[in-house]
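Quick notes on the structure that follows.
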Amino acid sequence: MKNKALFKLSKLFVFFLVTFLSFSQNNVTVLEIKTDIESPIISKHIYGHFAEHLGRCIYDGIYVGEDSKIPNTNGVRNDIILALKELKIPNLRWPGGCFADTYHWKDGIGPKENRPSMVNRWWGGVTEDNSFGTHDFLNLCEVLETEPYLAANVGSSTVKEFTEYIEYVSHKGGSPMADLRKENGREKPWNVSFWGVGNEMWGCGGNMTPEYYANLYRQYATFMTDWINSDKMFRIASGANVADYHWTEVLMRDIPKNLIEGVALHSYSFVTWDKKGSSTKFDEAQYFSTMQTALKMEELVTKHSEIMDKYDPKNKIALIVDEWGGWYDVEEGTNPGFLYQQNTMRDAMIAGTTLNIFNNHSARVKMANLAQTVNVLQAVILTEGEKMLLTPTYHIMKMYTAHHDAKLLPLTFESPSYRFNNESLPAISASASIDKNGSVHISLVNIDSKKENKVEIDITKLGVKNFSGTILTASKLQDHNTFDTPNKIKPVVFKTFENKKGKLEITIPPFSVVMMEGK
């Protein structure tokens with residue numbers, strides 16, 4: 001009887017061991033990198049930024065004035081210049097946003113003491129003195145070595161005002177606007193390529209129908225080229241609000257292809273639009289809902305691209321996601337119209353997954369702009385007086401500079417699920433690229449709030465052997481950097497991986513972003 005009992009126990013042990021091993025193997029996500037198919041270059045412009053005259057983004061953020069005690073160059077904070085340079089920002093969108101369609105550029109040129117003031121009707125009703133204008137912005141872009149992206153006024157402007165703006169910033173001389181620029185101290189033109197023809201024309205830009213806007217766009221675009229910088233002109237139509245596929249359909253159908261280079265798309269991540277909740281005091285239900293809207297970007301980019309494919313099968317017109325990011329309630333005690341919010345590991349998850357989506361759709365997505373640069377929405381930088389901090393989102397954007405202008409390496413894998421309240425989301429997000437030096441970079445995100453996930457990658461065909469890693473993680477999803485603890489969250493060396501005979505085995509902690517580099 002004793003031997004029979006031992007025999008049964010041993011069989012039971014073997015059964016559980018096999019089951020455990022099977023379960024363990026099934027918990028490993030096998031990620032296959034395709035090296036034998038044509039793939040696009042991931043444009044560095046996917047990693048663009050957005051600086052609107054909104055709250056403390058420009059004034060008391062980027063720009064403090066030449067008389068400020070805070071160290072500055074022509075009124076722009078030196079610490080922000082240094083931080084943005086290190087981020088290698090490829091383009092910067094300005095002056096809006098909704099603000100763009102009430103902005104008249106001539107109010108922001110010439111001697112600062114002579115510039116008229118204006119009321120920012122969109123954001124807090126504050127009065128601005130126009131001390132930060134076109135010269136200030138374009139000179140800043142030169143310092144940052146970044147491409148300016150001017151969102152120009154269509155909603156309350158005219159074709160004449162618009163084309164004079166192009167002449168002012170891009171014509172060499174011998175024209176009224178170029179001569180005016182020279183009178184204001186700038187001899188050489190800035191040669192701006194990226195032009196947004198209005199902003200959110202379905203909403204704050206004029207509450208237009210797509211049919212009306214398409215015709216209006218045709219009018220403006222016609223007068224934007226031919227004699228000024230025409231070989232570089234990149235005209236971007238005001239595109240759809242989230243899933244308004246009809247808007248994209250009309251623009252692609254009704255605008256001649258020789259009049260357009262890009263179509264925009266705006267989409268934000270939030271708990272619910274009417275109850276956005278705190279940026280730091282959120283629970284798992286609110287986190288899960290936010291990631292649902294963030295991961296919706298995959299569907300949005302796919303479906304808008306499919307519509308564009310019908311009318312532009314050769315991918316000549318770019319999809320430009322020039323507003324994206326997390327949106328929550330403002331911090332307590334701040335102006336509701338200033339949209340100032342903190343930035344936690346939740347925002348790092350939004351950034352990592354969204355950028356992976358853009359990378360993987362880089363055949364069509366050629367440019368994007370995180371909203372916004374400083375002190376507004378999902379900012380990469382926050383300021384308080386002389387203090388400045390870098391947010392978790394900043395660190396993700398810096399980690400992902402490895403993908404700038406690198407060749408996409410397509411991936412296939414089946415993600416494990418992140419489950420909450422009988423709902424599920426894909427836990428793992430990934431993208432990969434190979435740069436001009438042959439280095440391979442793989443960005444991995446695990447959005448699961450509690451569970452680590454394991455990934456296995458066959459690297460035998462990549463031509464690289466030595467891997468290193470960087471990780472951004474924290475002890476809690478709600479963790480964030482403050483002015484008292486500005487370095488609480490920052491990237492560190494990542495070590496929980498092994499290279500076993502050409503198989504890279506990676507263990508990603510909960511709510512973490514990992515960048516692997518192979519040389």
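Here H45 and F194 bring their ring centres to under 6.0 angstrom of each other. Close placement of the W190 and H135 rings is indicated, their centers lying within 6.0 Å of each other.
For NZ of K44, the number of neighbouring non-hydrogen atoms (other residues, nucleotides, ligands) closer than 6.0 Å is 12 at most. No more than 12 heavy atoms of other residues, nucleotides or ligands sit less than 6.0 Å from atom CD of E332. By the 6.0 Å contact criterion, CD on E145 is open, its count of non-hydrogen atoms from other residues, nucleotides or ligands being 12 or less. The neighbour count for K112 NZ, taken as heavy atoms of other residues, nucleotides or ligands under 6.0 Å away, is above 12. The environment of CD in E86 is crowded: more than 12 heavy-atom neighbours from other residues, nucleotides or ligands sit within 6.0 Å. Applying the 6.0 Å contact sphere to CG of D67 captures no more than 12 heavy atoms from other residues, nucleotides or ligands. No more than 12 heavy atoms of other residues, nucleotides or ligands lie within 6.0 Å of CD in E414, so this atom counts as exposed by the packing criterion.
Below 30°, between 30° and 60°, or above 60°: for H403 and Y400 the angle between ring planes is above 60°, a perpendicular geometry. Ring orientation note: the planes of H304 and Y245 are tilted relative to one another, at an angle of 30° to 60°. In this pair, F358 and W324 present their aromatic rings perpendicular. The plane angle is above 60°, beyond the 30 to 60° band.
No option in F99, Y149, F50, Y103 other than Y103 meets the ring-ring contact (aromatic ring centres under 6.0 Å, His included) test with W94.
In this structure, a donor-acceptor pair under 3.5 Å is present between the side chains of E52 and W123. Side-chain contact check for T290 and Y328: no donor-acceptor pair (N or O, by modelled atom type) lies under 3.5 Å. Counted by atom type alone, T344 and T280 present zero donor-acceptor pairs between their side chains at under 3.5 Å. Side chain to side chain, S512 and T473 meet the donor-acceptor criterion of an N or O pair below 3.5 Å.
Contact check on K69 versus E386 returns no salt bridge, with no Lys/Arg side-chain nitrogen under 4.0 Å from an Asp/Glu carboxylate oxygen. Using a cut-off of 4.0 Å between Lys/Arg side-chain N and Asp/Glu carboxylate O, E299 and K296 are scored as salt-bridged. Look at R115 and D136 and you find a salt bridge, because one of the NZ, NE, NH1 or NH2 atoms lies within 4.0 Å of a carboxylate O, short of that distance.
Both cation-pi conditions hold for R56 and Y340: the charged atom is under 6.0 angstrom from the six-membered ring centre and inside a 45 degree cone around its axis.
Atoms CE and OG1, on M308 and T248 in that order, are 7.5 Å from each other to the nearest 0.5 Å. Rounding to the nearest 0.5 Å places SG of C57 at 11.5 Å from NE2 of H49.
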